[in-house]
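Convention: sequence-line order gives letters A, B, ...; per-chain numbering from 1.
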Amino acid sequence: MAKNFPTREENYSQWYNELVVKADLAENSAVRGCMVIKPYGYAIWEKMQAALDKMFKDTGHQNAYFPLFIPKSFLSKEASHVEGFAKECAVVTHYRLKTGEDGKSIVVDEDAKLEEELIVRPTSETIIWDTYKKWIQSYRDLPILVNQWANVVRWEMRTRLFLRTAEFLWQEGHTAHETKDQAVEETLTILDVYAKFAEEWMAVPVLRGLKSQSEKFAGAVDTYCIEALMQDGKALQAGTSHFLGQNFAKAFDVKFLSKENKLEYVWATSWGVSTRLMGALVMSHSDDNGLVLPPKLAPIQVAIIPIYRKDEQLEQISEKVKTIKSALEAKGISVKFDDRDTYKPGWKFSEYEFKGVPIRLAMGPRDLENGTIEIARRDTLKKEIVPIEGIEDVIENLLNEIQEKLYNKALDYRKEHTFEVNDWDEFKEKIEAGGFVLAHWDGTPETELKIKEETKATIRTIPLNNPQEDGKCILTGKPSKERVVFAKAY
RNA sequence: CGGGGUAUAGCGUAGUCCGGUCAGCGCGCCUGCUUUGGGAGCAGGAGGUCGCAGGUUCAAAUCCUGCUACCCCGACCA
């Protein structure tokens, strides 16, 4: 029941879990910290995948696949990389089970111990760079622009549905280039792809920028990110694009002969977005009645519900609906006609609201007489009776309008919750209340850490094309040239 | 791994202090009839080793001991 949803002021996580389970998106699995994504939720992920995959291909990338298991020794080749992931790796030590001495239980066969343990990939840089070593000899082999869709495992202490699950689905791009400039350009190209996807498909406005050195990816030279603000005022890192320099090339000894016949290390990038985006989607738009999906990512864009007493009424309605349905489908709009007689109309109304279906149509005997149909939109919950004539154009426009409105609403929210702050007390107050806080910082990791300890706020990003201005660090008062974005984050 | 909580039907819970008509309630589920423009009403029904293992007792959901799992807050993190 909608009224049983905890409000946003209450524990957000509880609200979120309720929402997700009731909206049929996902539920917790028996495996600790992993998730079961139900068919409806997975359909949203598939839509995201399809859109992203096209954008990658349009920018010259290809898909490939690499092993799930990584020899333990690979992980230790890049020092900061191993340090970043060592504490959250699942390790495979044996390859066989056997029946226990009691004849019933199943135990690990100690004779089947692996010579070298395997790590379930927390990310694939190492195994991919081990492979690239074999692929690259000449500048003619470059660039390599490869993406993989995969699952990864990070054994987090604490998990949170979609945002930090022990296993998650993602894509990870791994590219190799001749020059530093080409690699940096690639990093920024992908950052732009991510930002466009977030804004144009998910209707989630994002900040584009650089991570501070202490927040960057383990093994990267620079980490670029897109950063979104959720409805509860907390920030969410929605995607990252890393300039890896020559770190992995050196660790895995990947060299090529340049046009000048010189042996050089290749330049690298890696980048990824995950099922965390599903969390971002839910937490950006949903309300106390359930999900609100942007039309471009909604598996069902229009749900049609018949209202009837007698079977012959249903027949008449179905007849009319068929025409509407095919007219909409001709425009590429996905339509579900829900003529199940096992649920009543009111039940279905709530069901599609939970699921975030952008537009709901209802047709009953009154509409049959008048040549009308009831149209209800999920984002505003408003409904009106309109003529059936030309309904497909009305809906097509309305879907576009809803997509745009969701984005603008989220953008307005972010504007209202972005503050320029010059005073430490005000800083603490604004951080506590939630939102992006733009403040000066002296650029040192020590100050960054101290601010984190005192306020739980981290530097979310140093925006691209950040305006330069003289100021004083919010904590130390030392001189600073630009403001950075602070917030409490998921 | 530190601190705090919780465990009773598919879900949510009452009962635990004070042992004994104590295994109950709501939602959901099943059957029938009436209903169908915002999660229907009535009647009947199914569903439980009270997290697990010991112990105390004439008697344990309730008291004691040990274990396990989950949740929240930290540390970690896409």
Side-chain angles (χ1 to χ4, degrees), chain A residues 1-4 6 10-14 17-18 21-22 27-33 83-89 122-123 151-172 194 211 214-218 220 223 225-228 235-242 270-280 289-290 305-311 313-314 317 339-354 360-370 372-376 381 383-385 449 452-453 456 458 460 489-490:
Chain A
M1 313 286 142
K3 60 179 176 242
N4 288 346
E10 294 174 27
N11 186 307
Y12 204 96
S13 156
Q14 188 196 345
N17 273 285
E18 286 279 318
V21 171
K22 291 194 182 195
E27 57 188 19
N28 291 313
S29 112
V31 184
R32 188 186 184 285
E83 201 178 312
F85 287 103
K87 281 183 272 181
E88 51 189 53
C89 286
T123 178
N151 59 337
V152 288
V153 169
R154 295 184 189 172
W155 212 267
E156 303 287 354
M157 286 298 170
R158 284 186 59 212
T159 56
R160 194 196 275 272
L161 197 53
F162 284 122
L163 300 187
R164 198 179 305 112
T165 43
E167 178 189 3
F168 56 94
L169 306 181
W170 77 344
Q171 58 70 215
E172 47 179 325
Y194 286 162
K211 281 287 177 198
S214 40
E215 292 277 328
K216 74 178 183 186
F217 174 72
T223 290
C225 64
I226 54 169
E227 201 73 23
L236 184 74
Q237 180 174 307
T240 45
S241 183
H242 314 290
S270 71
W271 28 274
V273 293
S274 70
T275 35
R276 170 177 267 200
L277 289 180
M278 306 264 286
N289 294 320
I305 296 161
I307 297 158
Y308 60 95
R309 283 164 202 265
K310 303 171 207 143
D311 283 350
Q313 286 175 323
L314 176 61
I317 292 168
D339 61 351
R340 288 177 296 178
D341 61 359
T342 45
Y343 292 101
K344 296 179 52 180
W347 197 94
K348 293 175 188 173
F349 290 170
S350 300
E351 162 107 344
Y352 292 108
E353 257 160 44
F354 278 138
R360 184 189 71 230
L361 300 176
M363 181 177 267
R366 284 207 301 268
D367 296 305
L368 277 181
E369 270 179 41
N370 304 333
T372 57
I373 196 162
E374 184 189 84
I375 181 165
L381 295 170
K383 43 188 187 179
E384 58 178 323
I385 311 283
L449 184 64
K452 187 179 178 183
E453 281 167 356
K456 291 181 187 166
T458 49
R460 301 319 304 158
Y490 274 103

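Atom CG in Leu449(A) sits about 14 Å away from atom C1' in rC76(B), given to the nearest Å. Atom pair Lys452(A):NZ and rG74(B):P shows a separation of 12 Å (rounding to whole Å applied). Here rG38(B) presents its P atom at 17 Å from OH of Tyr352(A), a figure rounded to the nearest Å. Atom CZ in Arg360(A) sits about 12 Å away from atom P in rG37(B), given to the nearest Å. Taking atom OH on Tyr490(A) and atom C1' on rA75(B), their separation rounds to 19 Å, with Å as the unit. Note: NZ (Lys87(A)) to C1' (rA75(B)) measures 8 Å, nearest angstrom. Leu361(A) has its CG atom 17 Å from the P atom of rG37(B), to the nearest Å. For the pair Ile375(A) CD1 and rG38(B) P, the interatomic distance rounds to 18 Å; values are reported in whole Å.
For Asn370(A), the side-chain contact (heavy atoms from CB on, under 4.5 Å) criterion is met by Thr372(A), not counting sequence neighbours. For Asn151(A), the side-chain hydrogen bond (donor to acceptor under 3.5 Å, both in side chains) criterion is met by Arg121(A), Glu167(A), not counting sequence neighbours. For Glu215(A), the salt bridge (charged side-chain N to carboxylate O under 4.0 Å, His left out) test picks out Arg460(A), with sequence neighbours left out. Evaluation of the side-chain contact (heavy atoms from CB on, under 4.5 Å) rule for Ala220(A) yields Phe217(A), Thr223(A), His242(A), Leu244(A) as partners, not counting sequence neighbours. Checked against side-chain hydrogen bond (donor to acceptor under 3.5 Å, both in side chains), Thr275(A) has no partners two or more places apart in sequence or in another chain. For Glu374(A), the side-chain contact (heavy atoms from CB on, under 4.5 Å) partners at least two apart in sequence or on another chain are Arg360(A), Ala362(A), Lys383(A), Ile385(A). Looking at residues two or more places apart in sequence or on another chain, you find a salt bridge (charged side-chain N to carboxylate O under 4.0 Å, His left out) between Lys348(A) and Asp338(A). A search for side-chain hydrogen bond (donor to acceptor under 3.5 Å, both in side chains) contacts involving Lys211(A) returns Glu227(A), Gln237(A), not counting sequence neighbours. Every side-chain contact (heavy atoms from CB on, under 4.5 Å) that Glu351(A) has, sequence neighbours left out, goes to Arg340(A), Trp347(A), Lys355(A).
Comparing Arg460(A) and Phe349(A) along RNA chain B, the residue whose closest nucleotide (by nearest heavy atom) sits nearer the 5' end is Phe349(A). In this structure, Pro365(A) and Glu167(A) both approach RNA chain B, and ranking their closest nucleotides by distance from the 5' end singles out Pro365(A).
Residue contacts for Asp367(A): at a heavy-atom cut-off of 4.0 Å it reaches a base atom on one of the strands shown. Among the protein residues, Ser274(A) comes within range of the nucleic acid bases, having at least one heavy atom under 4.0 Å from a base atom. Within 4.0 Å of Gly364(A), counting heavy atoms only, lies at least one base atom of the nucleic acid.
Distance from the side chain of Thr165(A) is smallest for rA78(B) among the nucleotides rC76(B), rA78(B), rG37(B). Between rA78(B), rG37(B), rG38(B), one nucleotide has an atom nearer to the side chain of Arg366(A) than all others, and that is rG37(B). With distances taken from any side-chain atom of Lys383(A) to the nucleotides rG37(B), rG38(B), rA78(B), the minimum falls on rG38(B). When each of rG38(B), rG37(B), rC76(B) is scored by its nearest atom to the side-chain atoms of Glu88(A), the top-ranked nucleotide is rC76(B).
With P as the reference atom, rU62(B) and rC33(B) are 45 Å apart, rounded to whole Å. Using atom P as the reference point in both rU36(B) and rG41(B), the two lie 14 Å apart (nearest Å). If you take atom P in rC71(B) and the same atom in rG28(B), they sit 27 Å apart, rounded to whole Å. Rounded to whole Å, the C1' atom of rU16(B) lies 44 Å from the corresponding atom of rU34(B). Nucleotides rG54(B) and rG45(B) have their C1' atoms positioned 39 Å apart, rounded to a whole Å. The same atom, C1', is picked in rC30(B) and in rA23(B); the two are 23 Å apart, to the nearest Å. Distance noted for atom P between rG47(B) and rG3(B): 44 Å (whole Å). Going from the C1' atom of rG10(B) to that of rC29(B) covers 8 Å, rounded to whole Å.
With pairs defined as Watson-Crick or G-U wobble and both atom distances under 3.5 Å, the stems of at least three pairs that touch RNA chain B come out as B:1-7 with B:68-74, B:10-13 with B:24-27, B:29-34 with B:40-45, B:51-55 with B:63-67.
Put simply, Lys456(A) has a side-chain N or O that comes within less than 4.0 Å of OP1 or OP2 on rG74(B).
Residues Glu353(A) and Leu381(A) are in side-chain contact: their nearest non-hydrogen atoms beyond the backbone lie under 4.5 Å apart. When side chains are defined from C-beta on, Arg154(A) counts as touching Phe168(A), because their heavy atoms get closer than 4.5 Å.
When all heavy atoms are compared, the tightest approach of Cys225(A) to Thr240(A) is CB-CG2, 4.1 Å. The shortest heavy-atom contact between Pro365(A) and Ile307(A) is CD-O, 3.2 Å. Residues Ala280(A) and Leu236(A) come closest through the heavy atom pair CB-CD2, 3.5 Å.
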Once each nucleotide of nucleotides 42-47 of chain B is scored for protein heavy atoms under 4.0 Å, what B/S/- sequence comes out, 5' to 3'?
-> ------
Do nucleotides 31-36 of chain B as a string where each nucleotide becomes B, S or -: B if the base has a protein heavy atom under 4.0 Å, S if just the sugar-phosphate does, - if no protein is that close.
-> ----BB
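The base of rG37(B) does not come close enough to the side chain of Lys348(A) for any donor and acceptor atom to sit less than 3.5 Å apart.
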